Protein chains: 2
Amino acid sequence: MHKYFSITELTREFGVSTRTLRFYEDEGLIHPERRGRTRLFRSADRHLIKEILRGRRLGFTINEIREIIEIYKGPPGELGQLQLMMTRVAEKRKQLNQKRQDIEDTLSELDHVDEACLARLAELRVGS
Amino acid sequence: MHKYFSITELTREFGVSTRTLRFYEDEGLIHPERRGRTRLFRSADRHLIKEILRGRRLGFTINEIREIIEIYKGPPGELGQLQLMMTRVAEKRKQLNQKRQDIEDTLSELDHVDEACLARLAELRVGS
DNA sequence: ACTTTCTTTTACGTAAAAGTCAATTTATTG
DNA sequence: CAATAAATTGACTTTTACGTAAAAGAAAGT
């Protein structure tokens with residue numbers, strides 16, 4: 001039952017360097033345990049790394065990723081904090097919707113390009 | 001019929017600095033005309049800027065954006081080039097689909113957070 | 001015990017994408 | 001036409017997100 005992951009295990013799984021994982025720790029995004037000086041990653045850390053890399057693929061900065069991770073930490077007890085959090089969630093959702101729209105637009109332009117390519121191919125085959 | 005846009009007009013429209021637009025020109029992404037030394041942007045440039053910023057929001061690098069823009073320039077005549085281009089289109093589509101999946105995943109996690117917040121709010125209102 | 005492999009810390013380096021500043025030019029307008 | 005505003009280039013700086021190298025401690029196989 002493999003309780004811990006080593007750093008290289010995770011670098012191999014996710015295709016990142018040890019430097020990157022240590023950097024994320026420095027940034028306070030993950031908090032692996034220690035045996036002596038060696039880092040021991042648990043599956044919670046592993047899951048967080050997934051989230052981080054997902055954010056990275058979407059072009060979020062480390063700070064934005066940090067915000068998202070903070071959000072995941074679950075709802076706080078106090079009313080004011082709750083309302084603040086819901087505002088933040090709405091904000092992130094807005095950013096994500098914008099990105100989604102950007103993706104749809106780009107994909108549809110790629111579709112046009114593809115069609116144009118196919119048309120040109122057909123022409124070539126006929127031997128224009 | 002407003003044939004040209006000035007640089008500041010476009011910086012205002014898109015919320016970027018003049019330095020940024022000049023940077024994109026240096027990178028060969030846009031090619032505004034010149035009257036003397038002053039840049040004159042046409043709507044084609046304006047449209048390109050939109051594409052660039054869209055790519056930027058999605059976390060593409062300048063080089064990746066350049067690739068996308070190259071793709072938009074329309075299908076080439078020669079067969080080999082055509083096939084190469086279709087490969088590139090497929091590649092970009094793959095990246096975009098990954099990003100879209102990332103967005104869906106993140107949005108659905110935000111939904112969970114939101115629900116948790118609402119639940120907690122309800123509790124508070126009852127006065128737990 | 002020896003070697004190999006992993007891991008650590010510390011510190012400096014770097015590429016990308018602009019920001020900032022200074023010194024000019026050019027354009028506009030009262 | 002002098003003044004002011006807007007635009008230019010060029011050089012230097014900054015921020016982000018790591019890369020890389022050095023030096024050394026620890027673990028594991030032979």
Side-chain angles (χ1 to χ4, degrees), chain A residues 2-42 45-46 48-70 92 95 99 102, chain B residues 2-42 45-46 48-70 92 95 99 102:
Chain A
H2 212 359
K3 192 164 182 200
Y4 293 113
F5 302 89
S6 81
I7 195 168
T8 32
E9 230 170 333
L10 294 180
T11 62
R12 278 177 196 140
E13 176 173 3
F14 295 115
V16 297
S17 69
T18 59
R19 179 70 181 83
T20 298
L21 295 184
R22 291 191 194 109
F23 173 69
Y24 292 154
E25 185 183 3
D26 285 348
E27 289 292 318
L29 298 181
I30 52 180
H31 303 281
E33 296 178 20
R34 298 291 181 115
R35 178 174 53 205
R37 306 201 299 177
T38 302
R39 290 166 179 81
L40 299 174
F41 294 80
R42 292 192 309 195
D45 299 305
R46 183 168 161 282
L48 268 179
I49 293 170
K50 267 191 207 173
E51 314 255 17
I52 294 167
L53 297 179
R54 209 165 63 192
R56 189 171 80 160
R57 282 193 298 274
L58 291 174
F60 285 115
T61 68
I62 292 293
N63 280 324
E64 288 169 325
I65 290 171
R66 196 197 323 277
E67 284 174 29
I68 294 174
I69 284 181
E70 294 290 324
K92 282 299 163 196
Q95 290 178 26
K99 282 179 201 278
D102 287 333
Chain B
H2 213 359
K3 192 162 184 207
Y4 292 113
F5 303 89
S6 80
I7 196 168
T8 33
E9 230 170 331
L10 293 179
T11 62
R12 277 179 197 137
E13 176 172 2
F14 294 115
V16 297
S17 70
T18 59
R19 183 70 184 80
T20 298
L21 294 184
R22 290 188 199 112
F23 174 69
Y24 293 153
E25 185 183 3
D26 284 348
E27 290 293 318
L29 298 180
I30 50 180
H31 303 282
E33 297 177 22
R34 298 291 180 114
R35 179 173 50 206
R37 305 204 299 173
T38 302
R39 289 164 179 82
L40 298 174
F41 293 80
R42 290 191 311 194
D45 299 305
R46 183 169 162 281
L48 268 179
I49 293 170
K50 267 191 206 172
E51 315 255 16
I52 294 168
L53 298 179
R54 208 164 64 192
R56 192 172 78 160
R57 282 194 298 273
L58 290 174
F60 285 114
T61 68
I62 292 293
N63 279 325
E64 288 169 326
I65 291 171
R66 198 198 319 278
E67 283 173 31
I68 295 174
I69 284 181
E70 294 290 325
K92 282 299 162 197
Q95 290 179 26
K99 282 178 201 278
D102 288 332

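To find a chain, count down the sequence lines: A is the first, B the second, and so on, and within it residues start at 1. This structure is a prediction, so every number in the text was calculated from the model and none was measured.
- No contact: B:R12 has no heavy atom under 4.0 Å from any strand.
- Going from atom CZ of B:R19 over to atom P of D:dC12 covers 14 Å, rounded to whole Å.
- Comparing A:S17 and A:R35, the nucleotide of DNA chain D nearest to each residue sits closer to the 5' end for A:S17.
- Between B:Y4 atom OH and D:dA7 atom C1' the separation is 17 Å, expressed in whole Å.
- With respect to B:Y4, the side-chain hydrogen bond (donor to acceptor under 3.5 Å, both in side chains) criterion is satisfied by exactly one of B:R42, B:R35, B:E33, B:E9: B:E33.
- Listed nucleotides: D:dA6, D:dC18, C:dA18. Nearest to the side chain of B:R56: C:dA18.
- In this structure, B:L21 atom CG and C:dA17 atom P are separated by 15 Å, rounded to whole Å.
- Proximity note for A:R39 (side chain, C-beta onward) versus C:dT7, D:dA17, C:dT8: the nearest is C:dT8.
- For the pair B:R57 CZ and C:dA17 P, the computed distance is 16 Å after rounding to whole Å.
- Mapped onto DNA chain C by nearest heavy atom, B:T38 and B:N63 fall at different nucleotides, with B:N63 at the one closer to the 5' end.
- Following rounding to the nearest Å, A:L58 (CG) and D:dA17 (P) show an atom-to-atom distance of 14 Å.
- Ion pairing of B:R22 with B:E25 is absent here, as no side-chain N (NZ or NE/NH1/NH2) approaches a carboxylate O to less than 4.0 Å.
- B:Y24 has no side-chain polar atom (N or O) that falls below the 4.0 Å cut-off from OP1 or OP2 of C:dA17.
- Minimum atom distance to the side chain of B:R34 is reached by D:dT8, of the listed D:dG19, D:dT8, D:dA7.
- An OP1 or OP2 oxygen of D:dA7 is reached within less than 4.0 angstrom by no side-chain nitrogen or oxygen of B:T18.
- If you take CD on B:E70 and CG on B:N63, they are separated by 10.5 Å, rounding to the nearest 0.5 Å.
- Across C:dA18, C:dT8, C:dT25, the shortest atom-to-atom separation from the side chain of A:I7 is found for C:dT8.
- The listed nucleotides are D:dA11, C:dT8, D:dT9; the one nearest the side chain of A:R37 is C:dT8.
- The neighbour count for B:R12 CZ, taken as heavy atoms of other residues, nucleotides or ligands under 6.0 Å away, does not exceed 12.
- Per the geometry, CG belonging to A:L40 stands 11 Å off P belonging to D:dA27, to the nearest Å.
- Comparing C:dT8, D:dT16, C:dA17 by their closest approach to the side chain of B:I62 singles out C:dA17.
- Residue A:S6 places at least one side-chain N or O closer than 4.0 Å to OP1 or OP2 of C:dT7.
- The NZ atom of A:K50 sits 9.0 Å away from atom CZ of A:R54, with the distance rounded to the nearest 0.5 Å.
- Atoms CZ (B:F23) and P (C:dT20) sit 15 Å apart, rounded to a whole Å.
- One interatomic measurement links the two molecules: CG of A:D26 to P of C:dA11, which rounds to 13 Å at whole-angstrom precision.
- Of the N and O atoms on the side chains of A:S17 and A:T20, at least one donor lies less than 3.5 Å from an acceptor on the other residue.
- OP1 or OP2 of D:dA6 has not a single side-chain nitrogen or oxygen of B:T8 nearer than 4.0 Å.
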